[in-house]
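Numbers here are sequence positions counted from 1. Keep in mind that this is a model prediction, so the values were computed, not measured.
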Amino acid sequence: MNKQHLVIFDTTLRDGEQSPGASMTKEEKIRVARQLEKMRVDVIEAGFAAASPGDFEAIQAIAQTVRESTVCSLSRANETDIRRSGEAIKSAASGRIHTFIATSPIHMEKKLRMTPDQVVEQAVKAVGWARQYTDDVEFSAEDAGRSDIDFLCRVFEAVIKAGARTINVPDTVGYAIPFQYAETIRRLIERVPNSDKVVWSVHCHNDLGLAVSNSLAAVLAGARQVECTINGLGERAGNAALEEIVMAVRTRADIFPVETRIDTTQIVPASKLVSQITGYPVQPNKAVVGANAFAHESGIHQDGVLKHRETYEIMRAQDVGWAQNKLVLGKHSGRNAFKTRLAELGIELASDEALNAAFARFKELADKKHEIFDEDLHALVSDELATPEQEHYKLVYSHVCSETGEMPLATVILNVGGVEHKAQAGGGGPVDATFKAIESIAGSGAELLLYSVNAITTGTDAQGEVTTRLAKGERIVNGNGADTDIVIASARSYLNALNKLHSSLDKVRAQGDI
């Protein structure tokens, strides 16, 4: 059977970033984009150019950096948004503008306050504006899952005539059921004139846990692009998980008439990178990329796998990138080897000073931890990638005394805007005491929503990676910190979150989503 190409459209940097607290800096977005390119993703939706100057700059930087994948910017169906996207992707080797407008009765009436005729007219205008910048224009009907199919046919016919090359049918609110969603895709392809001239795309949310099932059902019905994210990241319950889509198509080649160009050995490294940068840990039983995805506890299963792997494993762990992160460096490794490995991981430091600082931290870590893995290197350089304005609060000194029967006592010295401040506080535990000491200096008034600890690698000498989620008003941020000392990692994580709250670079989201 001749396989058709299934376009993998990754929106981790746009829809994934809209998860509460998952905002990324420009440098972090570039690191993720490089990994997506290395994984051979077809289209990288790099952001929403009109959302903020920071988002525009990040898309522009990714467009200048990525050469092997199409770089896309999302836009509402208005001229200002689209021209902003056009400027952002101008330098891309292959650029796309993705524009959308709502088509469901509830969205048109309550949100847009537009008539159906006005929506069709605006959609056509939007495609025309986008075509001034690129021939690669994608149109999405927001909330298509709850839209009238006759109206969808009318809108799609009009935008195809206007020059759209990809038509996206998003299940924006995760309302669809697989058989029903597949039937919608099938009927649209049958009824819309010139449907064979475009790529039909799907973008499913996971509110009912059906994003991947809906996406795969749509592929069987004729869709040839799937919009997804690493680890299923995304607002509310998330998006369809890229790793699950790709491996389902590959594993069930007997069912799916399509294939992807994804280098599946890069899936686990991408998963770990996105988890580390966003502060969203991967659940152990997550399909494909979870720590237990290829673990066998049952004696019957263990016996079967030892005799013949395929008795209980439908995929090979190494095919998705497990066991790829071997020991790369040690305490005797030199600066050049360190720099070379960072480059292989897609990490570029801005200056020799940043490289020297990162190398010094590497040497310190190597004295504490015998085996240095790729995950350790990603965590290690995060501080060096931070810009000065993101380092308003910096840890200078920390001392914690914790003993049986006594209240833990923490002493910290922070550099705040260039001035050192010292504070001491007690707490219910060493971490609690440290946070209270920091807060007595910062006085942020932020609410702690989440405190999570994960081991970056195996072993008792592993670095602990801490995620701290803070909320202040309507702003929610995640802070990350890593160290072999979990209290220091916790302090760094809390300060990282405080710096994000303080920074004026945080994105203000534009209204609307697909």
Side-chain angles (χ1 to χ4, degrees), residues 3-17 24 26-47 49 55-74 85-98 130 133-138 165-166 168 199 201 203 224-231 233 240-243 245-247 249-250 258-274 277 289 319-321 324-325 340-349 374 378:
K3 299 276 188 176
Q4 293 182 307
H5 178 60
L6 179 64
V7 177
I8 298 299
F9 176 112
D10 184 277
T11 183
T12 303
L13 297 175
R14 200 277 302 170
D15 205 334
E17 196 200 19
M24 306 177 217
K26 181 175 75 174
E27 291 76 15
E28 289 168 340
K29 281 194 166 190
I30 291 171
R31 287 169 66 192
V32 173
R34 283 199 178 109
Q35 178 61 34
L36 294 175
E37 181 182 33
K38 190 174 183 180
M39 192 164 60
R40 302 187 69 203
V41 162
D42 296 286
V43 183
I44 299 171
E45 188 165 58
D55 233 29
F56 176 87
E57 291 170 10
I59 297 167
Q60 192 174 54
I62 291 168
Q64 292 166 354
T65 302
V66 169
R67 301 286 95 180
E68 301 299 323
S69 301
T70 295
V71 177
C72 174
S73 175
L74 184 69
S85 284
E87 290 300 315
I89 65 164
K90 186 185 293 184
S91 58
S94 173
R96 173 182 295 190
I97 293 177
H98 182 188
Y133 295 91
T134 177
D135 290 335
D136 192 350
V137 177
E138 176 173 342
R165 286 182 15 186
T166 300
N168 188 40
V199 174
S201 171
H203 176 116
R224 291 298 177 262
Q225 174 176 287
V226 174
E227 304 193 0
C228 43
T229 61
I230 301 296
N231 300 335
L233 194 67
L242 178 149
E243 59 276 4
I245 297 290
V246 169
M247 293 313 295
V249 167
R250 173 172 163 156
V258 296
E259 59 188 2
T260 75
R261 69 168 195 156
I262 296 295
D263 177 356
T264 61
T265 64
Q266 295 300 319
I267 286 176
V268 168
S271 169
K272 290 182 177 181
L273 177 63
V274 169
I277 285 176
V289 295
D319 286 347
V320 297
Q324 295 297 309
N325 296 321
T340 300
R341 187 58 190 148
L342 291 185
E344 290 171 356
L345 293 174
I347 300 170
E348 288 187 11
L349 298 176
D374 290 349
H378 278 296

**Q** Please list, chain by chain and in numerical order, all residues satisfying side-chain hydrogen bond (donor to acceptor under 3.5 Å, both in side chains) with Ser85, sequence neighbours excluded.
**A**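 Residues passing side-chain hydrogen bond (donor to acceptor under 3.5 Å, both in side chains) with Ser85: Ser73, Ser75.
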
**Q** Do side-chain atoms of Gln35 reach the backbone of Gln266 as a donor and acceptor pair under 3.5 angstrom?
**A**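 Yes.
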
**Q** Main chain of Leu13, side chain of Lys29: is a donor-acceptor contact present, judged purely on distance under 3.5 Å?
**A**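 Pair found, side chain donor or acceptor close to backbone of Leu13.
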
**Q** Among residues at least two apart in sequence or on other chains, which ones pass side-chain hydrogen bond (donor to acceptor under 3.5 Å, both in side chains) with Thr229?
**A**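 Thr229 satisfies side-chain hydrogen bond (donor to acceptor under 3.5 Å, both in side chains) with no other residue.
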
**Q** Are Gln225 and Thr166 linked by a side-chain donor-acceptor pair shorter than 3.5 Å?
**A**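 Distance-only check fails for Gln225 and Thr166.
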
**Q** Whether the side chain of Glu243 engages the backbone of Ser271 through a donor-acceptor N/O pair (distance < 3.5 Å, no angle test) should be reported.
**A**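 The answer is no, because no donor-acceptor pair under 3.5 Å joins these two groups.
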
**Q** Could you list the residues that satisfy salt bridge (charged side-chain N to carboxylate O under 4.0 Å, His left out) with Arg250, not counting sequence neighbours?
**A**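 With neighbours one apart ignored, the set is Asp319.
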
**Q** Is the closest side-chain heavy-atom distance between Val7 and Val226 below 4.5 Å?
**A**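 Not in contact.
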
**Q** Run the ring-centre check on His203 versus Phe9 and record whether the distance is less than 6.0 Å.
**A**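 No, too far apart.
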
**Q** Answer yes when Glu28 and Arg31 have at least one side-chain N-carboxylate O distance shorter than 4.0 Å, and no when they do not.
**A**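 So Glu28 does not pair with Arg31 through a salt bridge.
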
**Q** Using 0.5 Å steps for rounding, measure from the CD1 atom of Ile97 to the SG atom of Cys72.
**A**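 It is 8.5 Å, given to the nearest 0.5 Å.
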
**Q** Any side-chain donor paired with an acceptor under 3.5 Å for Asp136 and Thr134?
**A**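 The criterion, which ignores hydrogens and geometry beyond distance, is not satisfied for Thr134 and Asp136.
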
**Q** Of the non-hydrogen atoms in Ser201 and Asn168, which two are nearest, and what is the gap between them?
**A**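 Shortest heavy-atom separation between Ser201 and Asn168 comes out as OG-OD1, 2.9 Å.
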
**Q** What I'd like to find out is whether the side chain of Leu242 reaches to under 4.5 Å of the side chain of Met39, using heavy atoms alone.
**A**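 Yes. Closest side-chain heavy atoms under 4.5 Å.
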
**Q** Can you tell me if Thr11 and Glu45 form a side-chain donor-acceptor pair at under 3.5 Å?
**A**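 Note: Thr11 and Glu45 side chains meet the donor-acceptor criterion.
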
**Q** Sequence neighbours left out, what passes side chain to side chain contact (heavy atoms under 4.5 Å, CB included) with Arg224? Give chain and number order.
**A**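 Arg224: side chain to side chain contact (heavy atoms under 4.5 Å, CB included) contacts with Gln4, Val199, Val219, Pro257, Val258.
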
**Q** Quick check for you: to the nearest 0.5 Å, what is the distance between Glu27 atom CD and Ile277 atom CD1?
**A**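 Rounded to the nearest 0.5 Å, the CD-CD1 separation comes out at 10.5 Å.
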
**Q** Answer yes or no: is there a side-chain heavy-atom contact under 4.5 Å between Ile30 and Ile62?
**A**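 Counting from C-beta outward, Ile30 and Ile62 do come under 4.5 Å.
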
**Q** Listed by chain and number, what are the side chain to side chain contact (heavy atoms under 4.5 Å, CB included) partners of Glu259, not counting sequence neighbours?
**A**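 Testing Glu259 for side chain to side chain contact (heavy atoms under 4.5 Å, CB included), a comparison that skips the adjacent residues, returns Lys3.
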
**Q** Are the side chains of Glu17 and Thr12 in contact, using a 4.5 Å heavy-atom criterion?
**A**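 Heavy-atom side-chain distance check fails, nothing below 4.5 Å.
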
**Q** Has the side chain of Asp263 got a donor or acceptor atom that lies under 3.5 Å from a matching backbone atom of Thr265?
**A**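 Judged by distance alone, yes, a pair lies under 3.5 Å.
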
**Q** If a pair satisfies side chain to side chain donor-acceptor pair (under 3.5 Å) and one of its residues is in residues 56-69, list it, with sequence neighbours excluded.
**A**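 The answer is none; no pair qualifies.
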
**Q** Considering non-hydrogen atoms only, spot the tightest contact between Ile59 and Ala88 and give its length.
**A**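 Closest approach of Ile59 to Ala88: CG2-CB, 3.7 Å.
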
**Q** Show, in sequence, the C-alpha distance, side-chain angles and deciding distance for Ile230 and Leu36, and conclude whether the side chain to side chain contact (heavy atoms under 4.5 Å, CB included) test is met.
**A** CA-CA 9 Å; Ile230 301 296; Leu36 294 175; 4.0 Å; yes

**Q** Can you find a pair of side-chain heavy atoms, one from Val289 and one from Val320, that are under 4.5 Å apart?
**A**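 No, every pair of side-chain atoms sits at 4.5 Å or beyond.
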
**Q** Apply side-chain hydrogen bond (donor to acceptor under 3.5 Å, both in side chains) to Thr70 and list each qualifying residue two or more places apart in sequence or on a separate chain.
**A**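 For Thr70 the side-chain hydrogen bond (donor to acceptor under 3.5 Å, both in side chains) partners, ignoring immediate neighbours, are Ser94.
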
**Q** Work out which heavy atom in Ala130 is nearest to a heavy atom in Val137; give both atom names and the distance.
**A**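 The pair with the smallest heavy-atom distance is CB-CG2, 3.7 Å.
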
**Q** Can you list the residues that meet the side-chain hydrogen bond (donor to acceptor under 3.5 Å, both in side chains) rule with Arg261, with sequence neighbours excluded?
**A**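 side-chain hydrogen bond (donor to acceptor under 3.5 Å, both in side chains) check on Arg261 returns Asp42.
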
**Q** Answer yes or no: is there a side-chain heavy-atom contact under 4.5 Å between Arg96 and Val71?
**A**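 Answer no - side chains too far apart.
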
**Q** Side chains of Ile8 and Val43: closer than 4.5 Å at any heavy-atom pair?
**A**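 No - every pair of side-chain heavy atoms lies 4.5 Å or more apart.
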
**Q** What distance do Leu273 atom CG and Lys38 atom NZ have between them, rounded to the nearest 0.5 Å?
**A**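 Spacing of CG (Leu273) from NZ (Lys38) equals 10.5 Å.
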
**Q** When rounded to the nearest 0.5 angstrom, what distance separates CD1 in Ile267 from CD1 in Ile262?
**A**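 Answer for the CD1-CD1 pair, Ile267 versus Ile262, is 7.0 Å.
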
